[in-house]
Number of protein chains: 2
Amino acid sequence: MTQTVPTRDRLLDAAERLFAEHGLDGTSLRRITTAADANLAAVNYHFGSKLELVRAVFERRLAPMNGERLRLLDAAVAAAAPAAPDLRAVLHAFLAPALSLGRKDGREFFVLIARAHSTPHAEVQSAIVEQFGDVIARFGGALQAALPEVPLPELFWRVHFTIGALCHTVVNTDLLRLASGGLCDDADETAVLARLLDFAVAGMSGGAAR
Amino acid sequence: MTQTVPTRDRLLDAAERLFAEHGLDGTSLRRITTAADANLAAVNYHFGSKLELVRAVFERRLAPMNGERLRLLDAAVAAAAPAAPDLRAVLHAFLAPALSLGRKDGREFFVLIARAHSTPHAEVQSAIVEQFGDVIARFGGALQAALPEVPLPELFWRVHFTIGALCHTVVNTDLLRLASGGLCDDADETAVLARLLDFAVAGMSGGAAR
DNA sequence: GGATCGGTCAAACGTTCGTTTGATACGCTT
DNA sequence: AAGCGTATCAAACGAACGTTTGACCGATCC
């Protein structure tokens, strides 16, 4: 039986799914290569090592997501120029691509990202952080412009809280559905985004919002 | 050289620290027993297995924290009775013990808890969730009373966001200090709690706060 | 048509893991 | 002093891990 998808891609797909499901250390190359219908040596041949495979899995998803974030931010800044960008528009540019990725084909990947963020491996951690340099710098400036009355340290803290809400939402929606007894439905992505945006805008502007 | 601290406790201390530092799978019984100045077989003798050791590490910290949460909630409810409890007081009862635990002797433990929350091991996961049954039920009711105008599903979502902000704050303050270039100082616990409370109150009440 | 190269394969490498075992030492009670 | 659990110890167990090796296959090029 011939494979139409290249082995390298099948390895990435299988690794992403299994990493998210069982963690980095909990997923052996044997499970990955078996799931990808490839030979055990395939990972070391195509990627060099397990660590390089992990890095490849991350880069495949993170680059498009952060690119989309910056694209939306540019649009929001341009729409408001020369005035300060709208807070909700900036937060939308930051939250929407992540929320979207966390629910499409990248659902499992986002679980993985959150787990890897607290991984014991320093190499993995730094490999991820590198992908966010531009995003941090650009959004920091935009938020400062949108909320000029908020002191900079205060702003950082609130962004920190917002990121926490975002990550927890993407990763643990199952937990919410469970805790709410099925009351909370996460099927409607735009509704979830709207709720998260409401929460973030209110929190970011410190109760004096709108 | 005689040990004044029982081996069992030394094992718990070493395991908590190493689990938080290197993850559950990344920490071998050999490292734990070496750090605890105990024999390799000590874990299996005192706890039966590595999994039981993990459960013991969790229970030692979670039980007091959730107990303190419920105690503070009782006080907040009693203080306002027969009127509805104050939103900020309820959120304080929920957030303060967790934030406090995440910064005292339990600092490393809280990192561990956040990591274990997304652990691949189902046994570990369920062992943690069991510890939160009472807290979820009690705080759910109190928040509903404090925010009668917010529909129940909406309420669950906002609690979900708040928990995300809390976890991210406790676990990743180092990341914030780094990203802010030292602007954000987390040394003052009451100040951090105040900021988190401001954010949560604003977000929970949906911009119409105070 | 022989050589070359990317890709795949089974098999084995050495290491580390959690757990088990049997012996040994200490502090009780009788 | 003898007997008996409790606790600790070194040593070994089998299993699973990431990685390496050398042979094999098919397409492409000279």
Side-chain angles (χ1 to χ4, degrees), chain A residues 1-58 112 115-116 119-127, chain B residues 1-58 112 115-116 119-127:
Chain A
M1 164 181 166
T2 64
Q3 296 279 1
T4 101
V5 181
T7 297
R8 194 189 138 93
D9 292 334
R10 298 204 314 277
L11 288 173
L12 283 174
D13 292 336
E16 177 177 288
R17 182 173 58 83
L18 291 174
F19 281 156
E21 198 169 344
H22 305 102
L24 298 182
D25 290 329
T27 305
S28 68
L29 294 187
R30 285 165 177 81
R31 292 186 70 166
I32 295 174
T33 50
T34 299
D37 199 20
N39 184 269
L40 172 58
V43 166
N44 284 279
Y45 175 79
H46 284 283
F47 299 94
S49 69
K50 185 180 182 180
L51 176 60
E52 289 303 315
L53 168 65
V54 172
R55 296 177 59 111
V57 167
F58 284 149
L112 165 60
R115 284 188 183 166
T119 188
H121 298 63
E123 316 98 329
V124 175
Q125 195 133 359
S126 64
Chain B
M1 163 180 163
T2 64
Q3 296 279 3
T4 101
V5 181
T7 297
R8 196 190 136 93
D9 292 333
R10 297 205 314 279
L11 289 173
L12 283 174
D13 292 336
E16 177 177 288
R17 182 172 57 84
L18 292 173
F19 281 156
E21 197 168 345
H22 305 102
L24 298 182
D25 289 328
T27 305
S28 67
L29 294 187
R30 284 165 178 81
R31 292 186 69 166
I32 295 174
T33 50
T34 299
D37 199 21
N39 185 269
L40 171 58
V43 166
N44 285 279
Y45 174 78
H46 285 281
F47 299 94
S49 69
K50 185 180 182 181
L51 175 61
E52 289 303 316
L53 169 64
V54 172
R55 296 177 59 111
V57 167
F58 284 148
L112 165 60
R115 283 187 184 167
T119 189
H121 298 64
E123 315 98 330
V124 175
Q125 196 132 357
S126 64

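To find a chain, count down the sequence lines: A is the first, B the second, and so on, and within it residues start at 1.
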Taken to the nearest whole Å, CG/Leu24(A) to P/dC17(D) is 15 Å
query = Below 4.5 Å, heavy atoms only, C-beta onward: do Leu12(B) and Phe47(B) meet side chain to side chain?
reply = yes
(Q) Side chains of Thr34(A) and Leu40(A), heavy atoms from C-beta outward: is any pair under 4.5 Å? (A) no
Item to complete: Answer whether the closest heavy-atom distance between the side chains of Thr7(A) and Tyr45(A) falls below 4.5 Å.
Response: no
Atom CG of Asp25(B) and atom P of dC17(C) are separated, to the nearest Å, by 11 Å
| field | pair Phe19(A)-Ile32(A): side-chain heavy atoms closer than 4.5 Å | value | yes
Asp37(B) atom CG is separated from dT8(D) atom C1', nearest whole Å, by 12 Å
Using a cut-off of strictly less than 4.0 Å, decide whether Ser28(B) has a side-chain nitrogen or oxygen near OP1 or OP2 of dT16(C). no
Here the distance between atom C1' of dG7(C) and atom CG of Leu11(A), to the nearest Å, is 12 Å
Whole-Å distance, Leu29(A) CG to dT20(D) P, equals 11 Å
(request) Please answer whether the main-chain N or O of Arg30(B) pairs with a side-chain N or O of Thr33(B) as donor and acceptor at a distance below 3.5 Å. (result) yes
Check your understanding: Checking all strands, does Thr27(A) fall into the base, sugar-phosphate, or nothing category for heavy-atom contacts under 4.0 angstrom?
Key -> sugar-phosphate
In whole angstroms, the gap separating C1' of dC17(D) from CG of Asn44(A) amounts to 12 Å
The residue, Leu40(A) or Tyr45(A), whose nearest nucleotide of DNA chain C is more 5′ is Tyr45(A)
Side-chain N or O of Asn39(A) versus OP1/OP2 of dA10(C): is the shortest distance under 4.0 Å? yes
Between His46(A) and dT8(C), is there a side-chain N or O to OP1/OP2 distance below 4.0 Å?
yes
Between CG of Asp9(B) and P of dA7(D) the distance, given in whole Å, is 12 Å
Between CZ of Arg30(B) and C1' of dC17(C) the distance, given in whole Å, is 6 Å
DNA chain D nearest-nucleotide lookup for Leu51(A) and Ala42(B): closer to the 5′ end is Ala42(B)
Winner on side-chain proximity to Ala41(A), out of dT8(D), dT20(D), dC9(D), is dT20(D)
